[in-house]
Amino acid sequence: MIMSGNRMTKLIAVILVLALIFCLAGCGDSGNDTSSKKRRTDKSSSSLGDKLNELANGKDGEDDTEDVQPQDGGDYSALTTEEETTEDTAGGTDTQMDPLTSSTPFIYSESSTYYVSDEDGTELYQKSYDRLKLLAGTEDLYPGAKKALDSFNEAMETPGEDYTEEELVSTAKEMKANDALYSYLYNGSTAYIQRVDDKIISILDKFDSYYGGAHGYYGCTGFNYDAKTGEELSIEDIVSSMDDLKTAAEDVFSRDYPAIVESEPGCVETLEASFDEPDALCWTLTPTELQLYYNPYHLASYAAGMQTIKIRIADHPDLFNKGYGEAEGDWAIKLPDGGVMEDIDGDGALDYINVTFNYYTEEESDYSYIDAICVDAALDYKKISYYGFDEGDVYFIKKGENYYLYVLGTAENDYKFIQMVDISNGVIRDLNSFDGTFTTRDNCFDYGEGYYINGRGLFYDPNFFYVRVRQEYISTFDANATAEVGDNGEIMLLQDYYDLPTDFNITSKVGLELDEVDEDGNVIGKTNVPSGTVYYMYRSDGESYVDCKTKDGKYVRIVLDNSDWPIKINGIELEEAFDGIIFAG
């Protein structure tokens, strides 16, 4: 049974980040059209079902929204964050890739959580899932992807369930009244992109639920669509023969799960019978293999867990002869549970790649945390220092002829990092840790009575993605930038500045002489800005300057002296120069 402590900790952490980082801009990667940034304000209904129905019917709170206005009546209309920059006086030329010209659509998630609480505030039931979206402005470029994601979202918003919301809430109330170790009931899912190319969009949805009893339930669902038409694909569209697929699956099952074959009578026969109903099979296609998912109780007991049968495309060329072969070019996938087999040293033989987490428990208490990751790659093994609280997602990456592992982590104060590991040629090399995580284009957080929505970046294209970095200069907040996996395997920014997609602002206490800049960040002279001026920040190099737009429409650059603490502006301590400064403690 999954207790509620970890989930409640995450909720508190999200709220703390909201308070500290001022991510109050509306959800939806709305680009520069700030009039489309909405935030629900009337939250009188506490019915989870009503909220889901509104979203499923496309209302999305339309009747009870209002435009988010800048503080102090400021104007957002010119706070562009996707401008094409020529040369910045902070150094370098902007090399940002234009997502509108990419052959691969940029897909992100709006991770949505809805909950019902008792009269005393105790949470009774929670539902969470991902809604997948295309980067705003690219929908017309990828009509097939748009249709596919719409279909996926509809399935997430109106899933078939064993119990109604009312039944689950009623059960939770009874459990709460009779059980001192009460844990709220929930069902949730998380989406991962398995493959996106000109043939297929394959999505893995990992779910878990708890409806009371000795334990919860978990498993996977696959969603697969034709990239051009957006129509759902059948497994018979992918393989040439169901009989040959069954034979391949039996071979892999016997190889990878010998203990289950031995201990669970009838599991092989159940596996064979599953291929009599192709439409009922649960599967996704990765860049290198077909994965078949058999959730707990399907082939074996709950204690035996779920089984994932991984059939390599290269091993069965006659089976995969309908155009859905191995993916070309670079790719990144979530490392499957139990690892993956891939030839990473070029000797023609498959190598085993996996990552496990090592926990450390303090002797004087029950406090434990992850202090290392254990990496297997070919014949090499290495234990790498890693400090985190949760087992973060692990991504397996092919970039050019090289292979890498990225391990996501979370530490104190919801601090995010990515541990990067080079496993090319079967030799494990510990790379640097990136201080940030994958994200959407705009920081996206929305919350109200009974719900909260948070943007989540999906990592599947090593050549273009967004990263979010916690920054500490003029207050604590998050900044975004475009990035790629560099030639050395580490995350490399594609631009020489960070976008600050936030409506957070500060007000000067004193008059300041500052650099005046144009919209592209080029210094064009000096300007005197009077006391009481409100500054809306929108761009920074993350270290030495922040570009702002003032209420009267002037662009200025605040140059920071961070050689010592406290930070100074024109020789004046930061908090003596501005009101509204907040640093995370």
Practice task
Could you tell me whether K526 and D515 have a side-chain N and a carboxylate O separated by less than 4.0 Å?
Solution key: yes
Exercise for the section: For the pair N522 (side chain) and D518 (backbone), establish whether a donor and an acceptor sit closer than 3.5 Å, ignoring hydrogens and angles. Expected result: no
Handout entry: Residues that F396 engages under ring pair (Phe, Tyr, Trp, His ring centres under 6.0 Å), provided they are two or more places apart
Key = W331, Y403
Problem - Sequence-distant partners of T122, side chain to side chain donor-acceptor pair (under 3.5 Å), two or more places apart - result: D120
Exercise for the section: For side chain to side chain donor-acceptor pair (under 3.5 Å), just list the numbers for D430 and Q419, CA-CA rounded to whole Å, side-chain angles, deciding distance to a tenth of an Å, and then say yes or no. Expected result: CA-CA 8 Å; D430 184 9; Q419 181 61 51; 2.9 Å; yes
Problem - Ring-face cation contact, Y192 with K334, 6.0 Å cut, 45° max - result: yes
Problem - Value rounded to 0.5 Å, distance of OH in Y125 from OG in S117 - result: 13.5 Å
Fill in the blank from the handout: For Y114 and I453 the tightest heavy-atom approach is OH-CD1, 4.0 Å
Handout entry: Check: Y555 ring centroid to Y538 ring centroid under 6.0 Å
Key = yes
Handout entry: Flag side-chain contact, heavy atom, 4.5 Å: R429 against V421
Key = no
Exercise for the section: State, yes or no, whether a side-chain contact exists between E472 and R470 at a heavy-atom distance under 4.5 Å. Expected result: yes
Handout entry: Any donor-acceptor pair under 3.5 Å from S475 side chain to I582 backbone
Key = yes
Handout entry: Backbone N/O of S424 and side chain of D422: donor-acceptor pair under 3.5 Å
Key = yes
Handout entry: Side-chain (S508) to main-chain (P530) donor-acceptor, under 3.5 angstrom
Key = yes
Handout entry: Residues, nucleotides or ligands: over 12 heavy atoms within 6.0 Å of D552 CG
Key = yes
Practice task
Could you pull out all residues at least two apart from D118 that satisfy salt bridge (charged side-chain N to carboxylate O under 4.0 Å, His left out)?
Solution key: K176
Problem - Residue list, ring pair (Phe, Tyr, Trp, His ring centres under 6.0 Å) with Y415, at least two apart or on another chain - result: none
Handout entry: Sub-4.5 Å side-chain heavy-atom contact between R131 and S112
Key = yes
Problem - Salt-bridge present (D499, R539; N to O < 4.0 Å) - result: no
Problem - Inter-residue atom distance N562.CG - I567.CD1, 0.5 Å rounding - result: 5.5 Å
Problem - Counterpart residues, side chain to side chain donor-acceptor pair (under 3.5 Å), relative to K416 (two or more places apart) - result: T410, D414
Exercise for the section: Would you confirm whether the ring centroid of Y367 sits within less than 6.0 angstrom of the ring centroid of Y369? Expected result: yes
Practice task
Report the C-alpha distance between T482 and Q495 in whole Å, list the side-chain angles of each, state the deciding distance to 0.1 Å, and finish with yes or no for side chain to side chain donor-acceptor pair (under 3.5 Å).
Solution key: CA-CA 7 Å; T482 53; Q495 59 192 69; 2.8 Å; yes
Exercise for the section: Verify, without hydrogens or angle tests, whether D461 (side chain) and N463 (backbone) share a donor-acceptor contact under 3.5 angstrom. Expected result: yes
Practice task
Answer yes or no: is there a donor N or O on one side and an acceptor on the other, between the side chain of E575 and the main chain of G580, under 3.5 Å?
Solution key: no
Exercise for the section: Could you tell me the separation between the CD atom of Q471 and the CG atom of D541, rounded to the nearest 0.5 Å? Expected result: 8.5 Å
Problem - Intermediate values then yes/no, side chain to side chain donor-acceptor pair (under 3.5 Å), D205 and Y129 - result: CA-CA 9 Å; D205 192 62; Y129 59 90; over 6 Å; no
Problem - Atom pair OH/CZ of Y108 and R456 - distance to nearest 0.5 Å - result: 13.0 Å
Problem - Donor-acceptor under 3.5 Å (R557 side chain, G521 main chain) - result: yes
Handout entry: Residues forming a ring pair (Phe, Tyr, Trp, His ring centres under 6.0 Å) with F465, sequence neighbours excluded
Key = F438, F459
Fill in the blank from the handout: Output for pair (L514 CG, D547 CG), nearest 0.5 Å, gives 10.5 Å
Problem - Trace of the ring pair (Phe, Tyr, Trp, His ring centres under 6.0 Å) decision for W565 with Y473 - result: CA-CA 11 Å; W565 188 264; Y473 34 93; over 10 Å; no
Practice task
Taking the six-membered ring for Trp and the single ring otherwise, decide whether the centroids of Y535 and F578 are under 6.0 Å apart.
Solution key: yes
Handout entry: Validation row: P105, T138 side chains within 4.5 angstrom (heavy atoms)
Key = no
Handout entry: Polar side chain donor-acceptor pair, N454 to E110, under 3.5 angstrom
Key = no
Completion exercise
So salt bridge (Lys or Arg N to Asp or Glu O under 4.0 Å) across residues 140-152, not counting sequence neighbours, yields K146-D150, K147-E231
Handout entry: salt bridge (charged side-chain N to carboxylate O under 4.0 Å, His left out) partners for D197, two or more places apart
Key = R195
Handout entry: Residues that D561 engages under side chain to side chain donor-acceptor pair (under 3.5 Å), provided they are two or more places apart
Key = S563
Problem - Chi angles and distances behind the side chain to side chain donor-acceptor pair (under 3.5 Å) call for E412, Y387 - result: CA-CA 10 Å; E412 291 99 339; Y387 178 71; 2.9 Å; yes
Problem - Test salt bridge (charged side-chain N to carboxylate O under 4.0 Å, His left out) applied to K554 - qualifying residues, sequence neighbours left out - result: none
Exercise for the section: Quick one: list whatever passes salt bridge (charged side-chain N to carboxylate O under 4.0 Å, His left out) with D579, sequence neighbours left out. Expected result: K509
Handout entry: R468 versus Y466, side-chain donor and acceptor atoms under 3.5 Å
Key = no
Practice task
Please list, chain by chain and in numerical order, all residues satisfying ring pair (Phe, Tyr, Trp, His ring centres under 6.0 Å) with F417, sequence neighbours excluded.
Solution key: Y386
Problem - Ring centers of Y460, F464 separated by less than 6.0 Å - result: no
Handout entry: Side-chain (D130) to main-chain (L132) donor-acceptor, under 3.5 angstrom
Key = no
Exercise for the section: Examine distances only and state if a side-chain atom of S540 and a backbone atom of Y545 form a donor-acceptor pair shorter than 3.5 Å. Expected result: yes
